[in-house]
Number of protein chains: 2
Amino acid sequence: MQIDNNILITYGGYAIKYEKEAMIFHEGDLPNYYYQVLEGTIKVYTSNAEGKTLAQSIFKNGDSFGEPPILLSLPYPNSAKAKEESTIIRIAREGLLDIIRDYPEIAQEMLFTFAKRIYDKSKSAQIWVSTTPEEKIVQFLKNTPSYNQETPQLVPYTRKQIAEFTGLRIETVIRTLIKMHKEKKLNIINHKIYY
Amino acid sequence: MQIDNNILITYGGYAIKYEKEAMIFHEGDLPNYYYQVLEGTIKVYTSNAEGKTLAQSIFKNGDSFGEPPILLSLPYPNSAKAKEESTIIRIAREGLLDIIRDYPEIAQEMLFTFAKRIYDKSKSAQIWVSTTPEEKIVQFLKNTPSYNQETPQLVPYTRKQIAEFTGLRIETVIRTLIKMHKEKKLNIINHKIYY
DNA sequence: CGGTTACTTGACTAGCTTCAAGCCTTGTGG
DNA sequence: CCACAAGGCTTGAAGCTAGTCAAGTAACCG
């Protein structure tokens, strides 16, 4: 989902810079803005009382995030933070609704973006039916865009990130990856993972 | 999401009856139709190789389901089956796209339905960060519509269903509910659960 | 070069899953 | 109205294994 920056600015949008690790919104907050990444990396995640976190999505240049709560005017079900120094354009709810009203093609694009997001979340449910760590990791990797059997690819995630997406502990991820490497299900060269 | 039945029929939709336990589509199938429940109960779920299943959603009268794959023309990420004898209106992809084109208010309603569905899926991520069975069950119950602290409510799910939604084994659900009952966190009267 | 973050390894343990067996409840048909 | 079947619920015992804790090592960044 990407709304043209000029349209956003015309309807009252403006850019904001976030430092690395800065919070954009917290679980439970009431939403005020539509957000679109101009530059940087945003992580949306859920955390529980003990501080354990589960990564839900990563958003980069051009991606919008947090649209469902702003459209529905419901408290955020998750939190968002900048993973690196990032610039984000934000616009108030009214401005977003005006844009949707004035530009049917943007509303349509948003519909398809939402469809894709539901689709991806449904697919990642495979992670939660999986009983073994190996299966969870495989399911997670299958859902990454660069995954295909043709040529070996560098896995673009750290072990910690894999742990955050699959709900496993980092030690379990490490041990499982080593086991899979021994069983020749993937390759580890110089700490880097290839599939 | 609900499209007026007359509109569906005008654009080529028609009703189909499914017996109890009949499959509507399977994970991996290419989608051909938009489905809307006229009567009955449809379960959408994911299953893994060992036959363990994870319930993703229940759809009833008026609800549509399986829209993201049909819009995106991507293989179903999950399966759907009738939990009881059900009647469903279905319509081919072209008809659905025509309706979206001809009725902007339906496209708009679909946008908000999708937003709600993403929202609910994001919330249910709380189940997957939870480390203990009790926490998972509590998070699941919190996401049920009838949940509120005001008056005690009958939990409208069987233990087996709670297990299917939380990814726990039924024995674990039973033991956890009994423990919670002893700790007065909920009530069990005659096998029925109240919160 | 120093600090931070990621990665690794080993030992131990809690507690969920599994297996097995039986009880309870509900709906159906004769 | 009763008997039976099917599915849901319950319990106990045992085993596995992912999580936890601790103590490092290795890579990366400014």
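Because only heavy atoms are used, hydrogens play no part in the values below, and waters and symmetry mates are left out as well, while side chains stay in. Fair warning: this is a prediction, and the values are worked out from it, not measured in the lab. To find a chain, count down the sequence lines: A is the first, B the second, and so on, and within it residues start at 1.
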Protein-nucleotides 5-7 of chain D N/O pairs under 3.5 Å:
none

Notebook entry, point to check: Which whole-number value in Å describes the distance from A:I137 CD1 to D:dT17 P?
Noted result: 15 Å
Next item on the list: May I have the distance from B:H181 (atom NE2) to D:dC9 (atom C1'), rounded to whole angstrom?
Entry: 15 Å
Checklist line | Set of residues satisfying salt bridge (charged side-chain N to carboxylate O under 4.0 Å, His left out) with respect to A:D120, sequence neighbours excluded | finding: A:K116
Check: Which whole-number value in Å describes the distance from B:W128 CH2 to D:dG19 P?
Finding: 14 Å
Checklist line | Side-chain heavy atoms of A:K52 within contact of A:R169, under 4.5 Å | finding: yes
Margin query: In this structure, how many angstroms lie between the C1' atom of D:dT17 and the CD1 atom of A:I178, rounded?
Written below: 17 Å
Next item on the list: Report yes if some heavy atom in the side chain of B:R101 is under 4.5 Å from a heavy atom in the side chain of B:L97; otherwise report no.
Entry: no
Note to self: At under 4.0 Å between heavy atoms, how does the protein contact nucleotides 15-23 of chain C? Give one character per nucleotide, 5' to 3', with B, S or -.
What the structure shows: -SBBBB---
Check: Considering the terminal five base pairs at each end of the helix from C:dC1-D:dG30 to C:dG30-D:dC1, what angle separates the two local helix axes, rounded to 10°?
Finding: 60°
Margin query: Among B:D102, B:D98, B:N6, which residue satisfies the side chain to side chain donor-acceptor pair (under 3.5 Å) criterion with B:Y11?
Written below: B:D102
Notebook entry, point to check: In terms of the angle between their ring planes, are B:F65 and B:F25 parallel, tilted or perpendicular, with boundaries placed at 30° and 60°?
Noted result: tilted
Item checked: CG-CZ distance between A:L111 and B:F114, expressed to the nearest 0.5 angstrom -> 5.5 Å
Margin query: Is the shortest side-chain heavy-atom distance between A:R117 and B:P68 below 4.5 Å?
Written below: no
Margin query: Can you tell me how far apart CD1 (A:I7) and CD1 (A:I99) are? Round to the nearest 0.5 Å.
Written below: 6.5 Å
Check: Rounding to a whole Å, what distance do you find between A:E21:CD and C:dT5:C1'?
Finding: 11 Å
Notebook entry, point to check: Quick one: CG on B:D63 to OG on B:S57, what's the gap to the nearest 0.5 Å?
Noted result: 9.5 Å
Note to self: Rounded to whole Å, how long is the line connecting atom CD of A:E164 with atom P of D:dG19?
What the structure shows: 14 Å
Notebook entry, point to check: In whole Å, what is the span from the CD1 atom of B:I174 to the P atom of C:dT25?
Noted result: 14 Å
Margin query: Centre-to-centre under 6.0 Å for A:Y35 and A:F59, is that the case here?
Written below: no
Checklist line | Heavy-atom pair with the smallest gap, counting every atom of A:M110 and A:L96 | finding: CE-CD1, 4.2 Å
Quick one: which protein N/O atoms are closer than 3.5 Å to N/O atoms of nucleotides 23-30 of chain D? Pair and distance per line, please.
none

Item checked: Atom pair distance, as rounded to whole Å: CG in A:L177 and P in C:dC7 -> 10 Å
Checklist line | Considering all heavy atoms, the nearest A:I88-A:I24 contact | finding: CD1-CD1, 3.5 Å
Next item on the list: Report the hydrophobic cluster partners of A:Y194, with the cluster defined as I, L, V, M, F, W, Y residues connected by side-chain heavy atoms closer than 4.5 angstrom, directly or transitively.
Entry: A:L154, A:I189
